[in-house]
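Heads up: the structure comes next, in C-alpha cells.
Each chain gets a letter, A, B and so on, in the order the sequences are listed, and its residues count up from 1.
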Amino acid sequence: MAEEGGLQIHPMDQFQIHSLFGGDIGMFTPTNQTLWLGITVLAISALMLAASAGRSMIPGRVQSIGELFYGFIHDMVEEVAGHDGAKFFPYVMALFTFILFSNLLGLLPMSFSPTSHIAATATLAIMVFLTVTLVGIWRKGLGFLAMFWVSSAPLVLRPVLAAIEVISYFVRPLSHSIRLGGNIMAGHAMIKVFAGFAGVMGVASVLPIAAIAAIYGLELLVAVVQAYVFTILTCVYLRDAVGEAHH
Amino acid sequence: MATEETAHAAAEAAHQAGMPQLNFATWPNQIFWLVVAMVVIWFVLAKIALPRIGGVLAERKGAIAKDLAAAEELKSKAKAAEGAYTAALDQARAEAAKIIAATKAEIQKELDAATAEADAKISAKAAEGESRIAEIRAGAEAAVAEVAKDTAGALVSALGGSADEAAIASAVSARVKG
C-alpha cells in the first residue's frame, strides 16, 4: 500500500489481537494479549516476591520499593475507603500493580498493553462495581439505597437527585473503564501516528521524532496517573459499600 | 474449508477497518485471560507478598517502639544513678563534716584536759613555791630573831653587863615585832 505513495498510517494495528500459534481465537487460545498479561504477572510477582523474600529489619533497595508500594496503597485504602475497607487492601493492591505494570510495560517498543483494551478495563471496572454493590447490600441491606436519597437536599429535589444519583452510579463502570482504556489507547495511537509521519518526511522527520519523545514522557506520566486514578476511584466506590454514609 | 477461510478473511478485513478494541469476538478470550492474570496476581500478593511485607513493617514498628522504650528506661536508670551518686556524695560530705566536728570536739576536750592539768600543776607548783617562800620567810625571821638575840647578848656582854638570857629574848622579840 505504501508504494502507492499515499500516507498510510494504521495507528490501530498495534492493538490487533492475534493468536500466538496461529488459528482462530477461541476462549482459551493464547494470544499476544495473553503473553503480555503473563509478562505483567511475572513482573509483579518477581518484584513483590523479591521485595518480601529478605524480610530484613533494614530494607534493601528492592524491599524498599515493595514497602513503598505497600505503604502507598495501604494508606490510600485506609484514608479513602475507611478503616473497614482494609480487608480489600490485597484486592486494591492487585488492581493497582496490574494496571501500573500493564501501562508501563505497554510503553516498551513492540509490546502490547492489555489496559489499552476496553474488554480488559471494563472487566476490571465491572469487578469493582459488582464488589461495591454486593458488599454494600450485604453489609447495609436496604440502607445501601440511602446513598441515593440525598437527605440534605430540599424534599422536592430529592426524587430528581435520586434519579441522577442512580444514573451516575450505573455509569460508574463505564467512565471507570473508558477513562483508563481510552487514555492508554490514545497515547499509543498518537505515538504511532507521529511514527508514521516520521517514516515519510525525510530529513524533517526530526520534528515528529522529537514529538514522539515528548509524548513518550507524557505517556509515562499518564501510565502512572491513570493507574492511580483507577485505584483511588476504586477506594472511593468501596467507601460507599463499607464506610459511613457521606451524604 | 473454503467457506471458513473466506469468513476468516472477512472478519480480518472487518478488524482492520475499525478499532480492534470493538472486535467483540476477542472479548471472551481477553476476559478469560485477564481474570486468570488477576487471580494469580491476587494470590501472589494476598497470600505471599503482602503478609510478609506487613509482617516486616509491623516488626520494624515494634522494634522501634521497643528500642525507644529501652532508651527511655536507660535514661531513667541514668537519672536514678545520678541521683544515687549525688545522694552518696551528699552523705559522704555530711559524714566528713560529722567526723571533722567529732575530731574537733575530741581535740578540744583533750586540750581542755591538758590545760586543766597544766593549770593544776602550775597552781600546785605556785602553792609549793609560796609555802616554800613562807617557810623561808619564817626561817628567816627565826634566824633574824636568833641573830638579834645573839648580837644583843654579845653587845650587852661587850658593854660589860651581864644579861639575863630570857630578858634579852623577850626584849628582842618585842623589838622584832614592833
Side-chain angles (χ1 to χ4, degrees), chain A residues 10 12-19 24-31 33-34 37-38 40-41 44-45 47-59 63 66-67 69-71 73-74 89-91 93-95 97-98 101-102 114 116-124 127 181-182 185, chain B residues 1-70:
Chain A
H10 298 288
M12 305 312 279
D13 279 3
Q14 59 179 320
F15 303 116
Q16 208 62 256
I17 290 176
H18 50 79
S19 175
D24 285 339
I25 296 170
M27 179 86 171
F28 309 114
T29 317
T31 65
Q33 192 216 31
T34 315
L37 283 172
T40 306
V41 170
I44 293 169
S45 304
L47 174 67
M48 295 311 284
L49 291 179
S52 60
R55 284 190 250 193
S56 47
M57 194 62 89
I58 297 154
Q63 194 180 330
E67 287 176 6
F69 274 104
Y70 185 102
I73 299 301
H74 197 265
F89 166 56
Y91 177 47
M93 186 80 175
L95 274 176
T97 50
F98 171 72
F101 275 70
S102 173
S116 65
H117 272 264
I118 302 295
T121 60
T123 306
L124 296 175
M127 271 157 58
M185 183 185 78
Chain B
M1 205 60 186
T3 51
E4 206 174 280
E5 207 110 308
T6 46
H8 190 250
E12 277 298 301
H15 305 174
Q16 301 286 0
M19 287 169 65
Q21 279 86 349
L22 298 180
N23 177 9
F24 293 99
T26 62
W27 278 45
N29 177 282
Q30 290 197 57
I31 291 168
F32 169 75
W33 286 112
L34 176 76
V35 170
V36 170
M38 283 305 290
V39 168
V40 174
I41 293 170
W42 181 85
F43 184 83
V44 169
L45 291 179
K47 297 296 167 198
I48 306 171
L50 297 185
R52 283 187 190 167
I53 295 176
V56 169
L57 290 179
E59 207 177 302
R60 185 176 307 145
K61 209 170 163 188
I64 289 170
K66 213 171 71 185
D67 285 359
L68 281 179

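B:Asn29 places a side-chain N or O within 3.5 Å of a backbone atom of A:Gly26 that can act as its donor or acceptor partner.
Heavy-atom pairs under 4.5 Å with chain B peak, among A:Gly66, A:Pro59, A:Gly181, at A:Pro59. For the set A:Met185, A:His117, A:Gln63, the count of heavy-atom pairs under 4.5 angstrom toward chain B peaks at A:His117. Chain B forms the most heavy-atom pairs under 4.5 Å with one residue out of A:Ala94, A:Pro90, A:Pro30, A:Ser52, and that residue is A:Ser52. Heavy-atom pairs under 4.5 Å with chain A were tallied for B:Lys47, B:Met38, B:Glu59; the largest tally goes to B:Met38. With chain B as the partner, the residue from A:Phe69, A:Phe28, A:Phe98, A:Phe89 showing the most heavy-atom pairs under 4.5 Å is A:Phe28. Among A:Pro114, A:Gly38, A:Ser116, A:Ala51, the residue with the largest count of heavy-atom pairs under 4.5 Å with chain B is A:Ser116.
Closest non-hydrogen pair, A:Val41 versus B:Ala37, comes out as CG2-CB, 3.7 Å. The minimum heavy-atom distance linking A:Met27 with B:Pro28 is given by the pair SD-CB, 3.6 Å. What you find for A:Ser45 and B:Val44 is that their closest heavy atoms are OG-CG2, 3.7 Å. Taking all atoms of both residues into account, the shortest heavy-atom contact from A:Ala120 to B:Gln30 is N-OE1, 4.3 Å. The two residues A:Ala53 and B:Arg52 have their closest heavy-atom pair at CA-NH1, 3.7 Å.
Residue B:Leu68 qualifies as enclosed at atom CG: its count of foreign heavy atoms under 6.0 Å is above 12.
In this structure, chain B has no heavy atom under 4.5 Å from any part of A:Gln14. For chain A, the nearby part of B:Val35 is the side chain; its heavy atoms alone come within less than 4.5 Å. In this structure, chain B has a heavy atom under 4.5 Å from the side chain of A:Ile44, while its backbone stays farther away.
In this structure, the separation between CE on A:Met93 and CD1 on B:Ile53 is 6.0 Å, given to the nearest 0.5 Å. Once rounded to the nearest 0.5 Å, the distance linking CG of B:Leu22 with CE of A:Met12 reads 8.0 Å. Taking OG1 of A:Thr123 as the reference point, atom CH2 of B:Trp27 lies at 7.0 Å (rounded to 0.5 Å). To the nearest 0.5 Å, atom CH2 of residue B:Trp42 and atom CG of residue A:Leu95 are 12.5 Å apart.
Using a 4.5 Å heavy-atom threshold, the side chains of A:Glu67 and B:Arg60 count as touching. Here the side chains of B:Leu34 and A:Leu37 are in contact, with some heavy-atom distance below 4.5 Å. Using a 4.5 Å cut-off on side-chain heavy atoms (C-beta onward), A:Thr97 and B:Leu45 make contact. Between B:Gln21 and A:Phe15, the closest side-chain pair of non-hydrogen atoms falls below 4.5 Å. Looking only at side-chain heavy atoms (C-beta outward), A:Tyr70 and B:Leu57 come within less than 4.5 Å of each other.
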Problem - Chi angles and distances behind the side chain to side chain contact (heavy atoms under 4.5 Å, CB included) call for B:Ile48, A:Leu49 - result: CA-CA 8 Å; B:Ile48 306 171; A:Leu49 291 179; 3.5 Å; yes
